[in-house]
2 protein chains.
Amino acid sequence: MKNIKIHETFFKEYSIKNTRQRSIVLDILDNSKEAKTAEEIFLLAKDIDETISLSTIYRTLTLFVEKKFLIKMSALEENLSKYALNKADHAHYLLCLKCDKRIEVGYCPLSVYEESLKETYNFNIVGHKLEIFGYCQDCQNS
Amino acid sequence: MKNIKIHETFFKEYSIKNTRQRSIVLDILDNSKEAKTAEEIFLLAKDIDETISLSTIYRTLTLFVEKKFLIKMSALEENLSKYALNKADHAHYLLCLKCDKRIEVGYCPLSVYEESLKETYNFNIVGHKLEIFGYCQDCQNS
DNA sequence: GTTAGTGCAAAATCTTTGCATATTT
DNA sequence: AAATATGCAAAGATTTTGCACTAAC
């Protein structure tokens, strides 16, 4: 069993127990450039701790998604879910057309979409810009 | 068995055989405001033709996705795929940073994402703008 | 008439759950 | 010590496939 970084403070912030398995999964996600499937995460986790089980991976991923720091998305072509950390440096905004309020949305749903665009169009994607407009809660009521 | 609209010309355009089952599925999708799961489409299809099978639904959806006029996406919270027609009025572009070429991308991956934003932020979404930049095939080679 | 599509049932794949044991607080 | 998480194996759900039959071109 390899040593892994302990994410004690991080887990405390989200009021979840700090277990070895959760640290392993968080570590893997944190070191992933691309979104990963549960199976991929499981295989990487086994390199660190041979005894980890797939159900723990699923339970951990579900927990992280509930806590909203992990994003679950679909791999467009296959019937698989992929997971990626909701990194702070990748925010989008909801823009209210009435009061001009900006609401930050933590996560970005485009990673997997970009992968598929790369393949389909042979386009080397550097970045994207996403703006979503509509009416905020307050302005809907007035 | 109800009468359904026949999409002969449409299917001819995409070089696929015009079958009753495919017309039913296309009709259902065309009349759907929201993306639908295979199961939902199956149940609606059974109202029109009691004998239609779930495997035909899956095979038809897979075909339509291959032909690129149907978009497959994930229902973020559940482990399900949803399908929605790639309507012409909803294109995005890949913008080349070197030669300023614009490449139209037919489909839009944001429908399901928007649904989830509506719920999370109680934000009434009217529209969005998505721009993707990078380098086109030609400019990568030079 | 030939080629391709369909329905059914069975298989494959992905995900969740029950329960006894182990770990965390 | 109490509460929660884990591993295993079994179950559940969704999707795919083989094959005989049927429909489309």
Side-chain angles (χ1 to χ4, degrees), chain A residues 1 4 6-28 35-43 45-46 48-67 70 72-83 112, chain B residues 1 4 6-26 28 35-46 48-67 70 72-83 112:
Chain A
M1 262 206 265
I4 47 125
I6 301 300
H7 300 269
E8 218 176 324
T9 323
F10 184 85
F11 288 139
K12 210 163 267 169
E13 238 173 73
Y14 286 94
S15 319
I16 59 186
K17 276 198 185 169
N18 169 28
T19 72
R20 175 176 176 76
Q21 291 85 341
R22 287 172 184 172
S23 272
I24 291 172
V25 172
L26 185 53
D27 243 35
I28 289 168
K36 290 201 159 28
T37 64
E39 185 71 20
E40 286 165 348
I41 294 164
F42 176 52
L43 293 174
K46 284 226 282 198
I48 300 165
D49 175 355
E50 178 63 37
T51 71
I52 202 165
S53 81
L54 185 54
S55 30
T56 295
I57 303 291
Y58 275 110
R59 280 190 276 230
T60 301
L61 292 172
T62 304
L63 175 68
F64 288 4
V65 169
E66 276 166 11
K67 291 294 175 177
L70 185 67
K72 179 178 183 176
M73 46 196 150
S74 91
L76 289 175
E77 313 307 332
E78 307 139 66
N79 290 304
L80 284 172
S81 296
K82 290 199 171 189
Y83 299 84
V112 170
Chain B
M1 266 209 262
I4 47 127
I6 300 301
H7 301 268
E8 218 175 323
T9 322
F10 184 86
F11 288 138
K12 210 163 267 168
E13 235 173 77
Y14 286 94
S15 322
I16 58 185
K17 275 198 185 169
N18 168 27
T19 72
R20 174 176 177 75
Q21 291 84 340
R22 287 173 183 172
S23 273
I24 292 172
V25 173
L26 184 54
I28 289 168
K36 291 202 159 26
T37 64
E39 184 71 21
E40 286 165 348
I41 295 165
F42 177 53
L43 293 175
L44 289 167
K46 286 227 283 196
I48 301 165
D49 175 354
E50 178 62 38
T51 72
I52 202 166
S53 81
L54 184 54
S55 30
T56 294
I57 303 292
Y58 275 110
R59 281 191 275 230
T60 302
L61 293 172
T62 303
L63 175 68
F64 288 4
V65 170
E66 277 166 10
K67 292 293 176 178
L70 185 66
K72 179 176 181 176
M73 47 197 149
S74 89
L76 290 174
E77 312 306 329
E78 308 139 67
N79 291 304
L80 283 172
S81 296
K82 290 199 172 189
Y83 299 85
V112 169

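Throughout, a chain's letter reflects where its sequence line sits, starting with A, and its residues are numbered from 1. Hydrogens, waters and symmetry mates play no part in the numbers below; they use all other heavy atoms, side chains included. The structure displayed is predicted, hence computed values, not measured ones.
One finds the CD atom of E40(B) at 3.5 Å from the OG1 atom of T37(B) (value rounded to the nearest 0.5 Å). Distance OG1/T19(A) to CD1/I24(A): 8.0 Å, rounded to 0.5 Å.
Between Y58(A) and the phosphate of dT15(C), there is a side-chain N or O to OP1/OP2 separation shorter than 4.0 Å.
Side-chain atoms of K12(B) and N18(B), non-hydrogen and from C-beta on, never get closer than 4.5 Å to each other. K17(B) is listed as a side-chain neighbour of R22(B), based on a closest heavy-atom distance under 4.5 Å. You'll find the side chain of L54(A) reaches within 4.5 Å of the side chain of E39(A), heavy atoms only. Looking at heavy atoms from C-beta onward, T56(B) lies out of side-chain contact with F42(B) at the 4.5 angstrom threshold. By the 4.5 Å heavy-atom criterion applied to side chains, Q21(A) and I57(A) are not counted as neighbours. Side-chain contact check for K82(B) versus I41(B): every heavy-atom pair is 4.5 Å or farther apart.
Annotation: side chain to side chain contact (heavy atoms under 4.5 Å, CB included) contacts of E66(A) (sequence neighbours excluded): T62(A), L63(A). Residues passing the side chain to side chain contact (heavy atoms under 4.5 Å, CB included) test with F10(B), sequence neighbours excluded: H7(B), Y14(B), L26(B), F69(B).
Taking atom CD1 of residue I24(B) and atom P of nucleotide dA23(D), one finds them 14 Å apart after rounding to whole Å. Put simply, CZ on F42(A) is 16 Å from P on dT13(C), counting in whole angstrom units. Residue E8(A) contributes atom CD, which lies 14 Å from atom C1' of dT23(C) at whole-angstrom precision. For the pair I41(B) CD1 and dT14(D) P, the interatomic distance rounds to 14 Å; values are reported in whole Å. Distance, L63(B) CG to dT15(D) P: 17 Å, rounded to whole Å. Look at NZ on K46(B): it is 17 Å from P on dT6(C), rounded to the nearest Å.
Between the axis at the start and the axis at the end of the helix from dG1(C)-dC25(D) to dT25(C)-dA1(D) there is an angle of 50°, using five pairs per end and rounding to 10 degrees.
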Between the protein and nucleotides 6-8 of chain D, are there any N/O to N/O pairs under 3.5 Å, and if so, what are the atom names and distances?
| residue | atom | partner | partner atom | Å |
| --- | --- | --- | --- | --- |
| dT6(D) | OP1 | T19(A) | OG1 | 2.9 |
| dT6(D) | O3' | Q21(A) | NE2 | 2.8 |
| dG7(D) | OP1 | Q21(A) | NE2 | 3.3 |
| dG7(D) | OP1 | T51(A) | O | 3.3 |
| dG7(D) | OP2 | S53(A) | N | 3.2 |
| dG7(D) | OP2 | S53(A) | OG | 3.3 |
| dG7(D) | OP2 | T56(A) | OG1 | 2.4 |
| dG7(D) | N7 | R59(A) | NH2 | 2.8 |
| dG7(D) | O6 | R59(A) | NH2 | 3.2 |
| dC8(D) | N4 | S55(A) | OG | 3.1 |

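I16(A) approaches K67(A) most closely through the heavy-atom pair CG2-CE, 3.5 Å.
Contacts of residues 10-18 of chain B with DNA chain C (heavy atom under 4.0 Å): K17(B).
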